[in-house]
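Residue numbers start at 1 and run along the sequence shown. Reckoned from all heavy atoms, side chains included, excluding hydrogens, waters and symmetry mates.
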Amino acid sequence: MPFWEFLSDPDNQKTLAWVGGGVCVVVSGLWGAYLKLRKKPAAPKPQSAPTPPVQAKDGFAAGRDMTIGGNVTMSTTEIPKGVYALGALGLALLAFAILFAGGDEMTNSVKAGRDLNVGGSITINGDAAGD
C-alpha cells in the first residue's frame, strides 16, 4: 500500500494539486493554439441548383429580388408564446403579493386572530379602554 500512503501525505497532495493545475493550464493553452493556428479545409464550391419555392405564412416572400412600387401596410394579430408565459408569471407574482401582503406590525391598535377576551383594562399609548 505504498501508493495510498503517498497519496495520503498532505505535502504530496499539495504538490500533485500544483502539478495537475499546471498540466491543465498547459494543455488548455496548447489546445487553444492548435484551434487558432490549424488550417481549415477549403469549403467546397456550391453547385448551382434551382431555387426552391419560397412561401410566406403572412406577408411577402421572394426567391430572389422583390420590388414594390407603393406603400405597404402589414398587420398581424399573432402574439408570441413568450408573452403568454410572461403574463402568467406576472399574474402568479401578483397573486403571491396579494396573498402575502402586509404584516403583523401594527401601530396604535390591537389585532386578534379570533376572539379577544379582556378581564380588565387595556392601555394603548396612555389611552385606557374599560371592560
- Task: Find out if a path of hydrophobic residues (ILVMFWY) with successive side-chain heavy-atom gaps under 4.5 Å connects Val23 to Trp31.
- Result: no
- Query: Would you say Leu16 and Phe3 are hydrophobically clustered, going by side-chain heavy atoms of ILVMFWY under 4.5 Å?
  - Reply: yes
- Item | Under the ring pair (Phe, Tyr, Trp, His ring centres under 6.0 Å) test, residues paired with Trp18 that sit two or more places apart | none
- Can Trp4 be reached from Phe6 by stepping across I, L, V, M, F, W or Y side chains whose heavy atoms are under 4.5 Å apart? yes
